[in-house]
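Here's the structure we're looking at; comments come further down.
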Amino acid sequence: MLTGNYRLAAAIFIGIFCGFLLVKSDLSWRKTCLNMFLLKDGRLLKTLLFSLGFGVALVYFLQQAEVIAIHVRPGYFWASLIGGVVSGTGLAFCFRVPITAIAALGAGRLYALWSVIGMILAVSFVDIISGKLSSSIYSWSKSLDEPQQADSFLDLSNPVLWIVVLSLISLAFLQFTFRGETEE
Amino acid sequence: MGILTGKWSFYLNGALLSGMIVLCLYLFQDTVGMNDGMIKISEYVEQTAEQVSDDEEIALPPLEWQTGFLGGIFIGALAASLMSGNWKIRFFQDKESGIISKSLKTALYGLGGGFLVMLGLQLSGDSFLGQWSGALQLSGGSWIFLVSCFAVASGIAILLENRGESGGE
């Protein structure tokens, strides 16, 4: 694991790569995200589905080879569900998550600054109400179980296999149903 | 040069996105996300506001790996959009006429949407990249978050589009 200045330097380089990737994949543009949610543009959906299918298999094999270890923060059912609904509602209005808002700013879309300001305000807001949160939605359900990996990839009880297969089927479906691409 | 100026195919984008997350897991034993970076920036904003009211000297925001990642995204997006000819200064999200209405709509949708997106992420306990990383590692919480987030976002976007309020660019 990297520490100190090496960690900082690696984070900056990965950030630069991430910004480059967000622009090249069209994830930073408002209109392409809008058309993805309206189910009019399959390009982003295909990118995300491929990332999911490929990534799940990659993580599985690297974990089996003991190259990487699992690092997930503890999840709570109600916190994840309510968080997803609230984030989804916000996403339907601004079409940006934090990293795409910064990328859009870098690409000259100054109106993304409003989203960044809103996000900074939300952090302060959560800081104020954090005491109430820990006694409410975090206490409604127990922490979800740690993810478990099957020993064999081709085992039918292995969720990785199902995710990869379903991703490939969905990709094939999208490839033949969505032809149009949004131009920024 | 085509790889620097043109669009990348979906399978290259998807593979690189996953590869980047896995690389972060390997290098940092964590996912770099905007969550921690935003918390640092928010703390800095709060401290600066207190310093201004107390007439103290204003310190620069801390350059840590989370804020370094944030700066890196800005530089990378700037470079990519300049290379591909997509860099454009835009103040409004819509092209509709009426400067007051589009200013209000841009501010309201941006501020409100950004606030809700970050509020949801804070409630779920991770950044969006962190949730994506969790989903790749089969975390139940991340799957619940992502499915509910995409379903609600798509549902509301379709509803707003039918009412003619989603706007375009």
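Order of the sequence lines sets the chain letters (A, B, ...), proteins ahead of strands, with each chain counted from 1.
Contact annotation for Val67(A): both backbone and side-chain heavy atoms come within less than 4.5 Å of a heavy atom of chain B. Neither the backbone nor the side chain of Ala101(A) comes within contact range of chain B, judged by heavy atoms closer than 4.5 Å. Of the atoms belonging to Ile117(A), heavy atoms from both backbone and side chain fall under 4.5 Å from chain B. Heavy atoms of Leu62(A) lying under 4.5 Å from chain B belong exclusively to its side chain. With a threshold of 4.5 angstrom between heavy atoms, Phe77(A) approaches chain B through its backbone and through its side chain. Contacts between Leu44(A) and chain B at a heavy-atom distance below 4.5 Å are absent for every atom of the residue. Residue Ser28(A) does not touch chain B at all, counting heavy-atom pairs closer than 4.5 Å. Only the side chain of Leu23(B) comes within contact range of chain A, with heavy atoms under 4.5 Å apart.
For Ser80(A) (side chain) and Ser142(B) (main-chain N/O), no donor-acceptor pair under 3.5 Å exists by modelled atom type. Judged by distance alone, the side chain of Trp87(B) and the main-chain N or O of Gly106(A) form a donor-acceptor pair under 3.5 Å.
Separation of atoms CH2 (Trp8(B)) and OG1 (Thr47(A)) is listed at 12.0 Å; rounding is to 0.5 Å. Within the model, atoms CE of Met20(B) and OG of Ser51(A) stand 9.0 Å from one another, a figure rounded to the nearest 0.5 Å. Taken to the nearest 0.5 Å, the OG1 atom of Thr100(A) stands 10.5 Å off from the CG atom of Leu129(B). Taking CD1 from Ile68(A) and CD from Gln137(B), the interatomic distance works out to 6.5 Å, rounded to the nearest 0.5 Å. Once rounded to the nearest 0.5 Å, the distance linking CG of Leu12(B) with CZ of Phe50(A) reads 9.0 Å. If you take CH2 on Trp78(A) and CD1 on Ile144(B), they are separated by 10.0 Å, rounding to the nearest 0.5 Å.
When Gly83(A), Ser87(A), Gly55(A) are compared by the number of non-hydrogen pairs under 4.5 Å with chain B, Ser87(A) comes out ahead. Listed options Val85(A), Leu113(A), Leu39(A), Leu22(A) were ranked by heavy-atom pairs under 4.5 angstrom with chain B; first place goes to Val85(A). Between chain A and the options Leu136(B), Val152(B), Ile158(B), heavy-atom pairs under 4.5 Å are most frequent for Leu136(B). Of all the listed residues (Gly71(B), Ser139(B), Cys149(B)), the one sharing the greatest number of non-hydrogen pairs under 4.5 Å with chain A is Cys149(B). In terms of heavy-atom pairs under 4.5 Å with chain A, the best-connected choice from Ser154(B), Gly68(B), Gly155(B) is Ser154(B). Chosen from Leu146(B), Ile156(B), Leu78(B), Leu111(B), the residue pairing most often with chain A at heavy-atom distances under 4.5 Å is Leu111(B). When each of Ser81(B), Ser84(B), Ser124(B), Ser148(B) is checked for heavy-atom pairs under 4.5 Å with chain A, Ser148(B) comes out on top. Heavy-atom pairs under 4.5 Å with chain A peak, among Ser9(B), Gly110(B), Gly141(B), at Gly110(B). Between chain B and the residues Ala103(A), Gly75(A), Ser130(A), Gly118(A), the largest count of heavy-atom pairs under 4.5 Å involves Gly118(A).
Heavy atoms only, all atoms of each residue included: Ala135(B) and Leu52(A) are closest at CB-CD1, 4.3 Å. Smallest separation of non-hydrogen atoms from Ala153(B) and Ala92(A): O-CB, 3.7 Å. Nearest heavy-atom pair across Leu27(B) and Ile14(A) is CD1-CD1, 3.9 Å. The two residues Leu58(A) and Gly19(B) come nearest to each other via the heavy atoms CD2-CA, 4.3 Å.
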### Message
Please determine whether side chain to side chain contact (heavy atoms under 4.5 Å, CB included) holds for the pair Lys105(B) and Tyr111(A), giving the CA-CA distance in whole Å, both sets of side-chain angles, and the decisive distance to 0.1 Å.
### Response
CA-CA 11 Å; Lys105(B) 199 171 173 182; Tyr111(A) 55 79; over 6 Å; no
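Within the 4.5 Å cutoff, the side chain of Lys40(A) has heavy atoms near those of the Glu161(B) side chain. A 4.5 Å side-chain heavy-atom check between Lys7(B) and Asp26(A) finds at least one atom pair inside the cut-off. Between Trp114(A) and Thr106(B), the closest side-chain pair of non-hydrogen atoms falls below 4.5 Å. Using a 4.5 Å cut-off on side-chain heavy atoms (C-beta onward), Leu17(B) and Ser25(A) make no contact. Between Leu27(A) and Asn13(B) the shortest side-chain heavy-atom distance does not fall below 4.5 Å. Looking only at side-chain heavy atoms (C-beta outward), Trp132(B) and Leu48(A) come within less than 4.5 Å of each other. At a threshold of 4.5 Å between non-hydrogen side-chain atoms, the residues Phe28(B) and His71(A) do not count as touching. You'll find the side chain of Leu121(B) reaches within 4.5 Å of the side chain of Pro98(A), heavy atoms only.
Under the 4.5 Å side-chain contact rule for hydrophobic residues, Phe54(A) and Tyr26(B) share a cluster. Transitive grouping of hydrophobic side chains (ILVMFWY, heavy atoms separated by less than 4.5 Å) keeps Ile70(A) and Leu138(B) in distinct clusters. In this structure, Val59(A) is not a member of the same hydrophobic cluster as Val72(A), with clusters built from ILVMFWY side-chain heavy atoms closer than 4.5 Å. By the criterion of side-chain heavy atoms lying less than 4.5 angstrom apart, applied directly or through intervening Ile, Leu, Val, Met, Phe, Trp or Tyr residues, Leu110(A) is grouped together with Phe74(B) in one hydrophobic cluster. Clustering ILVMFWY residues whenever any of their side-chain heavy atoms sit less than 4.5 angstrom apart, transitively, puts Phe13(A) in a cluster other than the one holding Ile99(A).
Residue Ile89(B) qualifies as enclosed at atom CD1: its count of foreign heavy atoms under 6.0 Å is above 12. Within 6.0 Å of CZ on Phe61(A) lie more than 12 heavy atoms contributed by other residues, nucleotides or ligands.
The aromatic rings of Phe37(A) and Phe150(B) are tilted relative to each other, their planes meeting at an angle between 30° and 60°.
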Could you tabulate the donor-acceptor pairs under 3.5 Å formed by side-chain atoms of residues 159-174 of chain A, not counting sequence neighbours?
{"from": "Trp162(A)", "atom 1": "NE1", "to": "Leu156(A)", "atom 2": "O", "distance (Å)": "2.6"}
{"from": "Ser167(A)", "atom 1": "OG", "to": "Ile163(A)", "atom 2": "O", "distance (Å)": "2.7"}
{"from": "Ser170(A)", "atom 1": "OG", "to": "Leu166(A)", "atom 2": "O", "distance (Å)": "2.7"}

